[in-house]
Amino acid sequence: MEPQETIKNYLKQENLSLRILLDEFGKVSTQYNIRSHPVKFLIDNEGKLVATGLGYRDWDSEEMNKLVNILLQKTGAKPKA
(Lines give C-alpha, C1' and ligand atoms only; values in the text may rest on other atoms or scores of the structure.)
Protein backbone atom coordinates (compact mmCIF):
# COMPACT_ATOMS: atom_id res chain seq x y z
CA MET A 1 0.00 0.00 0.00
CA GLU A 2 1.22 3.46 -0.87
CA PRO A 3 1.92 5.85 2.02
CA GLN A 4 -0.88 8.33 2.70
CA GLU A 5 1.35 11.29 1.78
CA THR A 6 2.12 9.77 -1.64
CA ILE A 7 -1.59 9.38 -2.33
CA LYS A 8 -2.36 12.94 -1.21
CA ASN A 9 0.39 14.30 -3.45
CA TYR A 10 -0.87 12.31 -6.44
CA LEU A 11 -4.44 13.52 -5.99
CA LYS A 12 -3.22 17.10 -5.73
CA GLN A 13 -0.92 16.76 -8.75
CA GLU A 14 -3.73 15.29 -10.89
CA ASN A 15 -6.28 17.79 -9.52
CA LEU A 16 -8.56 14.98 -8.33
CA SER A 17 -11.16 15.46 -5.63
CA LEU A 18 -11.77 11.82 -4.75
CA ARG A 19 -12.31 10.68 -1.20
CA ILE A 20 -9.79 7.91 -0.57
CA LEU A 21 -10.13 5.81 2.56
CA LEU A 22 -7.14 3.75 3.62
CA ASP A 23 -7.40 0.60 5.71
CA GLU A 24 -3.86 0.81 7.05
CA PHE A 25 -4.25 -1.91 9.66
CA GLY A 26 -6.62 -4.22 7.77
CA LYS A 27 -9.50 -3.84 10.21
CA VAL A 28 -12.09 -3.10 7.53
CA SER A 29 -10.74 -5.80 5.22
CA THR A 30 -11.11 -8.34 8.01
CA GLN A 31 -14.56 -7.08 8.98
CA TYR A 32 -15.85 -7.39 5.39
CA ASN A 33 -13.91 -10.58 4.62
CA ILE A 34 -12.00 -8.97 1.73
CA ARG A 35 -9.42 -11.33 0.29
CA SER A 36 -8.58 -9.63 -3.01
CA HIS A 37 -6.60 -6.44 -3.47
CA PRO A 38 -7.05 -3.89 -4.73
CA VAL A 39 -10.76 -3.55 -4.09
CA LYS A 40 -12.81 -0.46 -4.79
CA PHE A 41 -16.29 0.53 -3.71
CA LEU A 42 -18.51 3.04 -5.49
CA ILE A 43 -20.69 4.67 -2.86
CA ASP A 44 -23.40 7.19 -3.70
CA ASN A 45 -24.02 10.51 -1.92
CA GLU A 46 -26.33 8.78 0.56
CA GLY A 47 -23.69 6.25 1.57
CA LYS A 48 -25.26 3.34 -0.31
CA LEU A 49 -23.01 0.81 -2.00
CA VAL A 50 -23.50 1.08 -5.77
CA ALA A 51 -20.78 -1.23 -7.08
CA THR A 52 -17.69 -3.18 -6.07
CA GLY A 53 -14.60 -3.64 -8.19
CA LEU A 54 -12.14 -6.43 -7.41
CA GLY A 55 -8.69 -6.28 -8.92
CA TYR A 56 -7.15 -3.74 -11.24
CA ARG A 57 -9.38 -1.36 -13.21
CA ASP A 58 -8.33 1.22 -15.78
CA TRP A 59 -10.21 4.11 -14.19
CA ASP A 60 -8.99 6.51 -16.90
CA SER A 61 -10.78 4.69 -19.70
CA GLU A 62 -13.85 6.14 -21.39
CA GLU A 63 -15.72 2.88 -20.76
CA MET A 64 -15.09 3.03 -17.01
CA ASN A 65 -16.17 6.67 -16.88
CA LYS A 66 -19.42 5.75 -18.66
CA LEU A 67 -20.01 2.82 -16.31
CA VAL A 68 -19.52 4.93 -13.19
CA ASN A 69 -21.90 7.58 -14.51
CA ILE A 70 -24.54 4.97 -15.41
CA LEU A 71 -24.31 3.39 -11.95
CA LEU A 72 -24.58 6.76 -10.24
CA GLN A 73 -27.55 7.80 -12.40
CA LYS A 74 -29.36 4.57 -11.50
CA THR A 75 -29.15 5.61 -7.86
CA GLY A 76 -30.38 9.12 -8.60
CA ALA A 77 -26.98 10.62 -7.76
CA LYS A 78 -25.63 13.38 -9.96
CA PRO A 79 -22.05 12.76 -11.12
CA LYS A 80 -19.69 15.63 -10.36
CA ALA A 81 -17.59 15.14 -13.48
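From a predicted model like this one, the values you see are computed outputs, not experimental measurements. FYI, the numbering just counts along the sequence from 1.
For K48, the side-chain hydrogen bond (donor to acceptor under 3.5 Å, both in side chains) partners two or more places apart in sequence, or in a different chain, are E46. When the side chain to side chain contact (heavy atoms under 4.5 Å, CB included) test is applied to S29, the partners found at least two apart in sequence or on another chain are D23, I34, H37.
Taking CG of N9 as the start and CD of E14 as the end, the distance is 11.5 Å to the nearest 0.5 Å. Taking CG of N69 as the reference point, atom CE of M64 lies at 12.0 Å (rounded to 0.5 Å). A distance of 11.0 Å separates OG1 in T6 from NZ in K8, rounded to the nearest 0.5 Å. If you take CG on L22 and CD1 on I7, they are separated by 4.5 Å, rounding to the nearest 0.5 Å.
The number of heavy-atom neighbours closer than 6.0 Å to OH of Y10, taken from other residues, nucleotides and ligands shown, is 12 or below.
Residues F41 and I70 do not share a hydrophobic cluster, defined by chaining ILVMFWY side chains whose heavy atoms lie under 4.5 Å apart. No path of Ile, Leu, Val, Met, Phe, Trp and Tyr side chains, each step under 4.5 Å between heavy atoms, connects L21 with V39, placing them in separate hydrophobic clusters.
Among residues at least two apart or in separate chains, salt bridge (charged side-chain N to carboxylate O under 4.0 Å, His left out) pairs with a member in residues 58-67 are E62-K66.
Looking at K40, its side chain does come within 3.5 Å of a backbone N or O of G55 through a donor-acceptor pair.
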